[in-house]
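So you know, we letter chains A, B, ... as the sequences are listed, proteins then strands, and number each from 1. The figures here come from the full heavy-atom set of this structure, side chains too, leaving out hydrogens, waters and symmetry mates.
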Number of protein chains: 2
Amino acid sequence: MTPVAAVLTEERILDAAEDVLRRFGPAKATVVDVAKALGVSHGSVYRHFPTKVALRDAVARRWLDRLAEPLDPARDTEGPAAERLLRWLERLAAIKQGMALNDPELFATFGQLTAEAREVVAAHVDHLAAALTEIIADGVRSGEFAVPDPVPAGRAVLHATARFHHPLHASEWSAPAIGAELREVWRLLVRGLAARP
Amino acid sequence: MTPVAAVLTEERILDAAEDVLRRFGPAKATVVDVAKALGVSHGSVYRHFPTKVALRDAVARRWLDRLAEPLDPARDTEGPAAERLLRWLERLAAIKQGMALNDPELFATFGQLTAEAREVVAAHVDHLAAALTEIIADGVRSGEFAVPDPVPAGRAVLHATARFHHPLHASEWSAPAIGAELREVWRLLVRGLAARP
DNA sequence: CAGCTGACAGATTTCAAACTTTGTCAGCTG
DNA sequence: CAGCTGACAAAGTTTGAAATCTGTCAGCTG
């Protein structure tokens with residue numbers, strides 16, 4: 001919708017594609033729409049991205065990276081690891097649930113990529129599991145937690161809380177008790193991670 | 001396919017409807033198909049079930065009950081509660097995963113009912129949570145577990161293992177590591193349930 | 001007269017033809 | 001001559017008319 005005559009960079013294409021996805025959703029967005037928004041022919045878009053799928057993946061990658069930024073464990077180092085873990089899980093849930101509310105079409109795109117088991121989503125999941133592993137390893141270092149290996153523990157915590165952040169469960173997030181349910185699972189998990197006295 | 005002239009009971013209609021659902025799936029099965037299989041007009045089916053949805057729910061109810069039978073905690077009382085819990089979770093996962101493989105159309109019906117949040121599925125989930133609560137309460141009685149209230153704990157364990165039995169996650173069940181992942185989550189959960197020395 | 005039938009209205013689904021989109025590439029253009 | 005265009009084939013989607021399905025009910029039948 002802004003056919004400005006400027007160099008056609010990957011950056012500009014991604015911006016336009018994200019906008020088109022946000023407005024039309026994954027089902028209706030087309031490469032022609034993206035080209036139209038840039039004021040070029042759709043053939044030009046194919047000079048920068050080999051397929052529509054590659055373009056969509058690139059949009060998702062950028063956008064999942066942006067989204068995961070506030071989940072860097074280095075950003076919250078106050079208090080016991082158990083509490084940092086709860087805050088992290090609640091932040092993740094809030095991010096996903098907020099996206100589902102405020103950006104339903106981009107969220108639907110994310111859901112589709114997850115259903116298709118795209119590599120970009122696997123990378124995002126690995127990133128989240130690594131953040132959990134970091135918090136758990138930190139708890140082990142301080143003597144608060146005692147697990148043989150923080151890596152599978154991190155993955156297990158992510159799996160055990162799938163209901164609260166996995167896009168497949170989005171329809172369950174409107175239940176009023178969902179926050180209490182997350183805390184109940186967290187309670188069990190931190191007792192499981194905790195060192196014996 | 002067996003137009004035997006006999007009394008038209010709810011039982012016989014449910015049998016026929018289950019068969020039709022199994023063969024055609026939730027998307028293509030019609031009330032006319034069910035009537036045809038019974039050798040009656042579709043109007044007759046409506047004398048016994050008010051709507052197609054009610055008929056489908058009744059088939060699902062009967063079939064979920066049958067399916068949950070081997071999950072009665074009274075059927076496995078050997079050994080520590082922690083191990084009974086693992087066996088129960090593995091049995092649940094095996095039942096769901098086996099159904100997805102052997103009866104894909106009925107499983108798809110179940111998935112649809114879950115997505116639509118039908119009451120019949122809520123009852124099934126309550127039943128499963130109650131079974132978990134029973135195993136946990138048993139562990140508390142024997143001093144093996146120490147939780148303030150086994151009821152929310154049972155629900156939390158069911159939620160934390162959603163990835164391994166919830167129909168939304170069916171596509172993830174073909175991963176070879178899925179069994180190990182379940183045991184990893186279980187390990188964390190039983191440590192969380194366990195009494196302090 | 002209890003239980004089934006079959007005709008019916010309105011809603012939903014199917015199907016095939018028309019149209020749109022994807023991905024390629026020969027050639028134009030600044 | 002790097003980068004873009006626009007015409008094209010194959011694949012996929014939309015559309016609307018025809019067919020089917022759902023749910024009702026007056027009347028038939030054993």
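Comparing G43(B) and T51(A), the nucleotide of DNA chain C nearest to each residue sits closer to the 5' end for G43(B). Each of K28(A) and P50(A) lies near DNA chain C, and the nucleotide nearest K28(A) is the one positioned closer to the 5' end.
Of all nucleotides listed (dT22(D), dC4(D), dT24(C)), dC4(D) comes nearest to the side chain of H48(A). Closest to the side chain of T30(B), from the set dT5(D), dG23(D), dT22(D), is dT22(D).
The distance from atom CZ of R47(A) to atom P of dC4(D) is 8 Å, rounded to the nearest whole Å. If you take NZ of K52(A) and P of dT24(C), they are 15 Å apart, rounded to a whole angstrom. Residue K36(A) contributes atom NZ, which lies 14 Å from atom P of dG6(D) at whole-angstrom precision. Rounded to an integer number of Å, the gap from H42(B) NE2 to dG3(C) P is 19 Å.
Looking at heavy atoms from C-beta onward, R91(B) lies out of side-chain contact with R75(B) at the 4.5 angstrom threshold. F164(B) has its side chain within reach of E181(B): a pair of non-hydrogen atoms, C-beta onward, lies under 4.5 Å apart. Between P152(B) and R155(B) the shortest side-chain heavy-atom distance does not fall below 4.5 Å.
Between H159(B) and H166(B), the distance from one ring center to the other does not fall under 6.0 angstrom.
In the helix from dC1(C)-dG30(D) to dG30(C)-dC1(D), the terminal helix axes, each the rotation mapping four pairs' C1' atoms onto the next four within five end pairs, subtend 20°, rounded to 10°.
Defined by atom type and a distance below 3.5 Å, a donor-acceptor pair is missing between the side-chain atoms of R118(A) and Q112(A).
Note on D138(B) versus R84(B): salt bridge recorded, some NZ/NE/NH1/NH2 to OD/OE distance being below 4.0 Å.
Between dT5(D) and S44(A), a contact under 4.0 Å exists linking OP1 or OP2 to a side-chain N or O.
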